[in-house]
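Residues: numbered from 1 along the sequence shown.
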Amino acid sequence: MGTAPRHLPVLLEETIELLRPEPGGVIVDATVGAGGHAEALLGRLGTRGRLFGIDRDPEALLAASRRLERFGPRFLALRGNHRDLIKILHGEGVREVDGILADLGVSSLQLDDPARGFSFAHDGPLDMRMDPDSTPTAAELLGTATEAELQRIISSYGEERRARAIAREIVRRREERPLTRTSELAELVTRVAGPAARRYRIHPATRTFQALRIAVNREIEGLDRFVTDAVSLLRPGGRLAVIAFHSLEDRAVKRTLRGLADRCSCPPDLPVCGCGKQNLVRLVTTRAVRPGESELASNPRSRSARLRVAEKL
C-alpha cells in the first residue's frame, strides 16, 4: 500500500468549523482511521500545533501515518482504544488538550478490504474486528452465542424486525456446518427475508452485519465513560466533537453530554450555585448536525452520520 486509500471523512467542514482548531493548539483524534479529519485539523494547527491520532486498528494507523507524513513530529500515531483515552494520553505526558474528535464509524479502509469481513460486497472471512488482536471474531460469535443472544444483538444493534427468524436460522445452519464467510451470512439473511427483500432500500443483510460488527467491537460499551473522560481532558474553552452512525451511539453521546451540561439542580433564580454541582460543558449543538445534500450525493456512506459538539466551561 504505497499511498493512503481513498477516504472521505464525513461532515468534514462542519467538524472543523465547530471544533475550532487554532494555531499552536493540541488536538486528539481518538479514532483517527485513515487520517482524513486529522489532515484537515493539522492544516489549521499551524507549525507549532500537534495532533495525537489514536486507533485500535494497526492498518488504519499505518495509513494515517503515511497520509500525514509531511507533518513530521506534529502528528503522533498511538495504538489503542478510544475508551482508554486518559491512560493513553497520560502515557505520553499529556494532561490537557484543546480539542478532541471521535468519529465512531467503521472506516472505508475496513469496509473495502474483503479480508476484514466487514462487508458482504465481496466474499471474505467473517471477522469484523477493528482490533485484529481482540476476540471474538464474528464467526466465533455466530458459532457460540445462544439463539436468544443472537436475537438480542440483531434486534438491538441492527434494529432488524426479522431478528428472531434470522437468529433461529443461524442456529439451525450452524448445526450442519459453521458460518465462516460473509457471503454465507448474506445469503442466509436474504433467504429469511424472502421475496420482500426486493423492496428493501438497502440490502437485507445490512442491519445484521451492522449489529454483529457493533457486538464484536463492543462499540456502544463505554461511550458514556469516553465522553466524560474526554471532557475532563479539555482545557476550559476546549471542545469535544463526536460523530455517531447508529441511534444507540448517538443516544449515549447525547444523554451524557446533556448530563454534563445540566448538573446544577439549583433554582433558576438563585444568583450563586448552592448545590455544588456546576455544569461542566455548554452544548454547542443542541441538535445533531447531519450531512447536507451535496455530501450525501458524493458520499452515500455518510447518510446516517450525526455530529454533536460541546465546549468545556
Side-chain angles (χ1 to χ4, degrees), residues 1 3-16 18-111 113 116 129-134 217 219 222-223 226-227 229-231 233-235 238-245 305 307 309:
M1 186 170 58
T3 59
R6 182 176 181 269
H7 175 63
L8 297 174
V10 301
L11 292 165
L12 179 61
E13 293 182 7
E14 295 87 346
T15 300
I16 300 302
L18 291 169
L19 203 53
R20 297 188 316 182
E22 296 184 359
V26 178
I27 300 288
V28 177
D29 189 334
T31 54
V32 70
H37 288 103
E39 183 176 38
L41 288 166
L42 280 163
R44 297 288 191 93
L45 290 174
T47 57
R48 295 195 303 166
R50 293 187 297 158
L51 187 141
F52 294 89
I54 300 169
D55 209 288
R56 49 181 152 175
D57 185 342
E59 291 187 20
L61 282 181
L62 179 60
S65 296
R66 287 173 171 168
R67 181 176 194 151
L68 305 174
E69 187 176 10
R70 70 182 187 277
F71 295 102
R74 291 174 50 210
F75 171 70
L76 180 62
L78 299 169
R79 186 177 177 189
N81 193 309
H82 59 278
R83 290 182 300 222
D84 300 320
L85 184 66
I86 289 179
K87 178 181 178 181
I88 294 168
L89 292 180
H90 282 188
E92 297 298 321
V94 178
R95 302 285 170 171
E96 281 189 325
V97 298
D98 300 296
I100 298 173
L101 167 65
D103 177 352
L104 301 175
V106 61
S107 74
S108 298
L109 177 70
Q110 294 162 335
L111 280 172
D113 183 355
R116 303 297 298 273
R129 293 173 300 170
M130 293 179 178
D131 179 352
D133 295 330
S134 66
N217 296 290
E219 295 177 34
L223 262 182
F226 163 75
V227 171
D229 287 351
V231 168
L233 287 163
L234 290 172
R235 295 187 178 98
R239 292 189 171 186
L240 167 67
V242 182
I243 302 173
F245 289 80
L307 167 66
V309 180

Quick check: does any side chain N or O of [X] sit under 3.5 Å from a backbone N or O of [Y], one acting as donor and the other as acceptor?
X      : Y      : answer
Asp98  : Val26  : yes
Thr31  : Ala102 : no
Arg239 : Leu18  : yes
Asn217 : Glu219 : no

Between [X] and [Y], which heavy-atom pair has the shortest distance, and what is it?
X      : Y     : value
Leu109 : Ala60 : CD2-CA, 3.5 Å
Asp29  : Ala38 : OD2-N, 3.8 Å
Glu39  : Phe71 : O-CZ, 4.0 Å
Ser65  : Ala77 : OG-CB, 3.6 Å
Gly53  : Leu61 : O-CD2, 3.8 Å

Rounded to the nearest 0.5 Å, what separates atom [atom1] in [X] from atom [atom2] in [Y]?
X      : Y      : atom1 : atom2 : result
Leu76  : Leu68  : CG    : CG    : 11.5 Å
Arg74  : Leu45  : CZ    : CG    : 6.5 Å
Ile100 : Leu234 : CD1   : CG    : 4.5 Å
Leu233 : Leu85  : CG    : CG    : 5.0 Å
Asp57  : Asp131 : CG    : CG    : 8.0 Å
Leu89  : Asp84  : CG    : CG    : 10.5 Å

So do [Y] and [X] actually touch side chain to side chain, heavy atoms under 4.5 Å?
X      : Y      : result
Leu12  : Ile16  : yes
Phe245 : Val10  : yes
Thr15  : Asp103 : no
His37  : Leu19  : no

### Message
Looking at Glu96, I'd like to know if its CD atom is crowded, meaning that more than 12 non-hydrogen atoms belonging to other residues, nucleotides or ligands lie closer than 6.0 Å.
### Response
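Atom CD in Glu96 is packed in, count exceeds 12.
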### Message
Take a 6.0 Å sphere around CD of Glu69 and say whether it holds more than 12 heavy atoms from other residues, nucleotides or ligands.
### Response
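Counting other residues, nucleotides and ligands, CD of Glu69 stays at 12 neighbours or fewer.
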### Test ring pair (Phe, Tyr, Trp, His ring centres under 6.0 Å) applied to Phe75 - qualifying residues, sequence neighbours left out
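Here no residue qualifies.
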### Message
Using the rule side chain to side chain contact (heavy atoms under 4.5 Å, CB included), only one of Val94, Asn81, Ile54 pairs with Ile88; which is it?
### Response
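Exactly one pass, corresponding to Ile54.
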#### Entry: Listed once per pair and sorted, the side chain to side chain donor-acceptor pair (under 3.5 Å) pairs that draw on residues 41-52, sequence neighbours left out
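Side chain to side chain donor-acceptor pair (under 3.5 Å) check on residues 41-52 returns no pairs.
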### Query
For Arg56 and Asp133, what are the C-alpha separation, side-chain angles and deciding distance, and is it a salt bridge (Lys or Arg N to Asp or Glu O under 4.0 Å)?
CA-CA 9 Å; Arg56 49 181 152 175; Asp133 295 330; over 6 Å; no
### Task
Any pair with a residue in residues 82-102 that passes ring-ring contact (aromatic ring centres under 6.0 Å, His included), sequence neighbours left out, goes on the list, sorted by first then second residue, please.
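Output for this query lists His82-Phe226.
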### Message
Please determine whether a side-chain nitrogen of the Lys or Arg among Arg83 and Asp229 lies less than 4.0 Å from a carboxylate oxygen of the Asp or Glu.
### Response
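Judged by the 4.0 Å cut-off on N to carboxylate O distance, Arg83 and Asp229 do not form a salt bridge.
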